[in-house]
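We count residues from 1, following the sequence as given. These values consider heavy atoms only, across backbone and side chains, with no hydrogens, waters or symmetry-generated copies.
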Amino acid sequence: MKDKWLRDIEYLRVSVTDRCNLRCFYCMPDEGVSKLSHDEILSFEECYKVIKAAVELGIKKVRITGGEPLVRLGIVDFISKIAKLPGLEDIAMTTNGMLLEKYAEDLKKAGLKRLNISLDTLKEEKFYQITRKGDLNQVLRGIELAEKVGLFPIKINTVIMKGINDDEIQDFINFIMEKPYEVRFIELMPMGEAQDIEKERFISNKEVMSTIPGLIPMIKSDELGPANYYQLLGAKGKVGFISPMSNHFCKSCNRIRLTADGKLRPCLHSNFEIDIKEAIRNHNKDIKELIRDAILAKPERHYLNEKRESSIRNMNQIGG
């Protein structure tokens with residue numbers, strides 16, 4: 001389907017939970033957030049109904065997100081079920097990697113194609129400080145196992161923050177010199193907890209790029225998504241830059257989102273949502289019609305730079 005700006009919408013991001021086993025300081029408060037009750041979130045069967053309808057409308061790619069999707073029981077069986085949908089070409093997942101060591105092999109067998117792993121530091125002590133409770137080595141072991149079982153490509157999503165991890169840019173570059181991963185530096189966005197620190201901690205990707213000599217630009221294609229990718233001589237992996245603040249990619253945005261509590265969200269940075277849970281449970285509206293409504297409601301672009309305001313939800317409540 002096309003939206004009213006004639007963009008092809010073929011990508012659905014599905015949050016299966018608002019819960020997370022980490023407490024990254026720029027994403028969630030230390031005490032966590034009020035957890036949705038069992039009845040408030042969509043069941044896997046309800047998620048499946050939405051995904052099936054979306055695929056029949058032309059959605060080709062689904063990404064499973066959270067919170068942390070691997071904390072939800074039954075996630076492997078859910079992926080196995082949606083992997084059998086005719087017309088669905090790609091199933092991916094965004095995870096913090098803490099449970100990859102446990103689930104990587106089963107995820108691959110279930111039909112998951114590839115992974116994005118959120119990782120903001122390669123230093124043990126700093127990892128614990130950023131996440132408030134995580135184990136870096138556990139994540140790194142999970143990444144290695146994911147590579148071994150063939151969940152590829154593996155993309156490392158790194159939010160660069162001034163005074164926090166901007167001293168590790170070269171460490172991540174060294175990482176891809178030795179490993180066939182894609183490290184993507186992402187600009188900090190004023191969402192949720194980050195709204196209070198964004199002005200102080202924001203660093204543009206232009207500044208990040210200036211610290212990395214020898215970048216060789218790759219030809220931009222739809223398969224590369226929102227990142228601009230570069231190669232480095234001798235590197236096994238590559239480096240990407242996602243710049244939602246300094247160089248937004250709204251013109252090529254091809255996605256809509258389904259939140260864990262059953263809202264269709266046309267734009268990450270807008271508070272406009274369509275309640276699809278009510279339609280599923282009360283059978284009073286056509287699911288496909290609501291998906292079409294969400295696609296046609298996509299705004300032309302976000303206005304984070306001008307208004308400096310964003311979603312009233314935290315990222316874990318929307319789906320990363």
*If you round to the nearest 0.5 Å, how far is CG of L136 from CD of Q138?*
10.0 Å
*asked:* Test your reading of the model: is there a side-chain donor-acceptor pair from E187 to the backbone of S246, 3.5 Å cut-off?
replied: yes
*Step by step, would you call L188 with V159 a side chain to side chain contact (heavy atoms under 4.5 Å, CB included)?*
CA-CA 6 Å; L188 181 67; V159 178; 3.9 Å; yes
*Neighbour count above 12 (heavy atom, 6.0 Å) for K113 NZ*: no
*Determine, using the 4.5 Å side-chain heavy-atom cutoff (strictly less than), whether L99 and I143 are members of one ILVMFWY cluster.*
yes
*Does any N or O in the side chain of E168 come within less than 3.5 Å of the main-chain N or O of N165, such that one atom is a donor and the other an acceptor?*
no
*For Y230, enumerate each residue passing the ring-ring contact (aromatic ring centres under 6.0 Å, His included) test, keeping only those at least two apart in sequence or located in another chain.*
F241
*Non-neighbouring partners of E105 that pass salt bridge (Lys or Arg N to Asp or Glu O under 4.0 Å), sequence neighbours left out*: K109
*Would you say K236 has more than 12 foreign heavy atoms packed within less than 6.0 Å of its NZ?*
no
*Y181: what forms a ring-ring contact (aromatic ring centres under 6.0 Å, His included) with it, not counting sequence neighbours?*
F175
*Can you check whether T17's main-chain N or O pairs, donor with acceptor, with S15's side chain at less than 3.5 Å?*
yes
*Quick one: does L112's side chain get under 4.5 Å of Y103's, heavy atoms only?*
no
*List in chain and number order the residues that pass salt bridge (Lys or Arg N to Asp or Glu O under 4.0 Å) with E289, two or more places apart in sequence or in another chain; answer none if no residue qualifies.*
R292
*Is there a path from I176 to V139 through hydrophobic residues (I, L, V, M, F, W, Y) whose side chains come within less than 4.5 Å of each other?*
yes
*For the side chain of R184 and the backbone of I156, is there at least one donor-acceptor N/O pair under 3.5 Å apart?*
no
*Would you indicate whether the side-chain heavy atoms of I197 and F25 approach each other to under 4.5 Å?*
yes
*Any donor and acceptor pair, going by atom type alone, linking the side chain of T158 with main-chain N or O of D120 inside 3.5 Å?*
no
_Check: P190 main-chain N/O paired with K199 side-chain donor or acceptor under 3.5 Å_ = no
*Is there a donor-acceptor pair closer than 3.5 Å between any side-chain N or O of R201 and the backbone N or O of D196?*
no
*Co-members of L233 in a cluster of I, L, V, M, F, W and Y side chains, linked at under 4.5 Å*: I216
_Closer than 4.0 angstrom, basic N to acidic O: yes or no for D3 and R7?_
yes
*Non-neighbouring partners of K148 that pass salt bridge (Lys or Arg N to Asp or Glu O under 4.0 Å), sequence neighbours left out*: none
*For E300, check side chain to side chain contact (heavy atoms under 4.5 Å, CB included) against everything at least two apart and list the hits.*
W5
*Which pairs pass salt bridge (Lys or Arg N to Asp or Glu O under 4.0 Å) with one or both residues in residues 48-59, sequence neighbours excluded?*
K52-E56, E56-K288
Distance-only criterion, 3.5 Å: show the donor-acceptor pairs between side-chain atoms of residues 69-86 and protein atoms not counting sequence neighbours.
residue, atom, partner, partner atom, Å
R72, NH1, V16, O, 2.8
R72, NH1, L42, O, 3.1
R72, NH2, L42, O, 3.1
S80, OG, K84, NZ, 3.0
K81, NZ, E45, OE1, 2.7
K84, NZ, S80, O, 3.1

*Residue among K60, R63, K61 satisfying side chain to side chain donor-acceptor pair (under 3.5 Å) with Y11*: R63
*Can you list the residues that meet the side-chain hydrogen bond (donor to acceptor under 3.5 Å, both in side chains) rule with S37, with sequence neighbours excluded?*
E40
*So among T94, N21, T95, which one has a side chain to side chain donor-acceptor pair (under 3.5 Å) with E68?*
T95
*With no hydrogens and no angle check, do the side chains of E273 and T259 hold a donor and an acceptor under 3.5 Å apart?*
no
*Between N205 (side chain) and I242 (backbone), is there a donor-acceptor pair under 3.5 Å?*
yes
*Please round to the nearest 0.5 Å and tell me the distance separating atom CZ of R255 and atom CD of E10.*
10.5 Å
*Contact list for residues 114-139, test ring pair (Phe, Tyr, Trp, His ring centres under 6.0 Å), sequence neighbours left out*: none
*Side-chain contact test, heavy atoms from C-beta onward, threshold under 4.5 Å: evaluate it for L22 versus K133 and give yes or no.*
yes
*Less than 4.0 Å between a side-chain N and a carboxylate O, is that true for E278 and K285?*
no
*Under 3.5 Å, is there a donor-acceptor pair linking the side chains of N174 and Q170?*
yes
*Do you reckon F152 sits in the same ILVMFWY cluster as M93, going by side-chain contacts under 4.5 Å, direct or chained?*
yes
*List in chain and number order the residues that pass salt bridge (Lys or Arg N to Asp or Glu O under 4.0 Å) with K206, two or more places apart in sequence or in another chain; answer none if no residue qualifies.*
none
